[in-house]
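Taking it in order: structure first as C-alpha cells, then the write-up.
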Amino acid sequence: MHARAVAASTTALLGTAALLLPLPPARAAADTGPHPVVVAHRGASAYAPENTLAAVDKAAALDVEWVENDVQRTRDGALVVLHDDSLQRTTDVEEVFPDRSPWKVKDFTAAEIARLDAGSWFAPAYAGTRVPTLQQFLDRMERHDQKLLLELKNPQLYPGIERETLKVLANEGWLDPGHTGGRLVVQSFSADSVRTVHALKPAVRTGFLGTPPVADLPSYASFADQINPSHGSISAPYVAAVHGFRGPHGTRMQVQTWTVNDAAAARRVAGFGVDGIITNTPDVVRDAVGG
C-alpha cells in the first residue's frame, strides 16, 4: 500500500445511534487484546514475490494466519491479485509484450497476464511464478486455513469491482458465517468503495485505509469496522479515539496499521494499542510484539 492523500467523504445521515456513541473506557479496555494481530503484507513479501501464491505459502510456513492482498481487474473482467495498476514492476511484461506500454493491468486479458513471470524480478529461485487470479489466491489461503485482509486496489479504474469481488468471494465459499465472522475483511483507500461493499453485503467486515480526522470518525463508523492508517500517521490518542466508536457490526472499531517492518516500529505502534500490524516481515514483528 502506498501512503497517499485520501479524500475522506463524510456521511450526513448516520445509522443506528447506538452504533455511533463513544464506548465507555471500561468497555474499550475490556475489548483490547494482549497483542496486535500480525498481518503478512501481500503475503510474506520480504521473503517471496509479493501477492503470489509463493508469498502465501511463505506466510503459512511462518505460521502467520492473516494475509493482506490487492485485487484488480483485467480487460476481460477477471480479477487478479496485483498491487500496481501496471504490470511493469513485478513481471516481465516489457519483454513479453514490448509494444504495449504502459502495461496497465486493465489493458491485458487474464490469459495474457497468465503468461507473465512474476517471480524472477524478486529472485532467480522464483522464476516462472505467475500472477494469481483471486480465485487461485483464495483457494491457496483456504488450503492453509488462513484469514484474508483484501484490498480493492484503484476501484476508480474498475467500476463495479466491489460487486464482482463479492461474487468471487461467494463462489469460493468466503461469504459464509465462518468466514465473515472472523476470517475476512475488505478494505480500500476509497471511502465510497468501502461504503459500497457494506451496502452490498452488510455481513462483511470492512476497513478504510487512511487517517480520517477524529471529527469524521462517527460517519466512518456507519460503514467501516476498521480504520487502517499508515504507521507514521498515528498516535496513542488517535488509536484511542477510533476505539471509542462501534462500527456497523456493533463492536469496537479497530486499527490495523501499515507497513511496519522493523522491531522498534512494531513495539512503538503496539504501545499505541493498535489491533493489527501489517508487515512484509511478519516473523520480525511477531517476535517484537508477541502477536
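Positions are given from 1 along the sequence. Values below: all heavy atoms of this structure, side chains included; hydrogens, waters and symmetry mates excluded.
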Item to check | R100/E112 salt bridge by N-O under 4.0 Å criterion | outcome: yes
Item to check | Salt bridge flag under 4.0 Å for residues E68 and K147 | outcome: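 No, no charged N to carboxylate O under 4.0 Å.
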Where is the tightest heavy-atom contact between [X] and [Y], given as atom of each residue plus distance?
X    : Y    : value
T165 : V71  : OG1-CG1, 4.1 Å
G207 : V194 : O-CG2, 3.3 Å
S230 : T257 : C-OG1, 3.5 Å
P282 : T279 : CA-CG2, 3.5 Å
V204 : L166 : CG2-CD2, 4.2 Å
Q146 : A60  : NE2-N, 3.5 Å

Does one hydrophobic cluster hold both [X] and [Y], with members joined at side-chain heavy-atom distances below 4.5 Å?
X    : Y    : result
L169 : Y158 : yes
V80  : L148 : yes
V37  : M141 : no
V81  : W66  : no

Item to check | With sequence neighbours excluded, residues passing ring pair (Phe, Tyr, Trp, His ring centres under 6.0 Å) with H179 | outcome: W174
Item to check | For F137, ring pair (Phe, Tyr, Trp, His ring centres under 6.0 Å) partners two or more places apart | outcome: none
Suppose we screen for salt bridge (Lys or Arg N to Asp or Glu O under 4.0 Å). Which residues come up paired with [X], at least two apart in sequence or across chains?
X    : answer
E94  : none
K201 : none
E162 : none
D57  : R140

Could you tell me if [Y] and [X] have a donor-acceptor pair between their side chains, going purely by distance under 3.5 Å?
X    : Y    : value
N51  : H83  : no
H41  : N261 : no
Q226 : Q256 : yes

For [X], give me all partners under side-chain contact (heavy atoms from CB on, under 4.5 Å), at least two apart in sequence or on another chain.
X    : value
D139 : Q135, E172
D63  : R286
R130 : D117
A110 : T74, D76, A78

Checklist entry - Does the side chain to side chain donor-acceptor pair (under 3.5 Å) test come out yes or no for H198 and D225, once each step is laid out? => result CA-CA 10 Å; H198 175 66; D225 298 277; 5.8 Å; no
Next on the checklist: Exactly one of R73, K153, K104 should register a salt bridge (Lys or Arg N to Asp or Glu O under 4.0 Å) with D85. Which one does?
Outcome noted: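 Of R73, K153, K104, salt bridge (Lys or Arg N to Asp or Glu O under 4.0 Å) with D85 is met by K104 alone.
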Item to check | Candidate pair F189 and F208, rule ring-ring contact (aromatic ring centres under 6.0 Å, His included), full reasoning | outcome: CA-CA 6 Å; F189 280 100; F208 174 73; 7.6 Å; no
Checklist entry - Do Y220 and F245 have ring centroids that are under 6.0 Å from one another? => result no
Checklist entry - Who else is in Y126's hydrophobic cluster (ILVMFWY, side-chain heavy atoms under 4.5 Å, direct or via others)? => result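 Via sub-4.5 Å side-chain contacts, Y126 links to W121, F122.
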Checklist entry - Which other residues end up in the same hydrophobic cluster as V284, if Ile, Leu, Val, Met, Phe, Trp and Tyr are linked when side-chain heavy atoms come under 4.5 Å apart? => result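 Direct or chained contacts put V284 with Y47, L62, V64.
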Checklist entry - Should we count CD of E95 as having more than 12 external heavy atoms under 6.0 Å? => result no
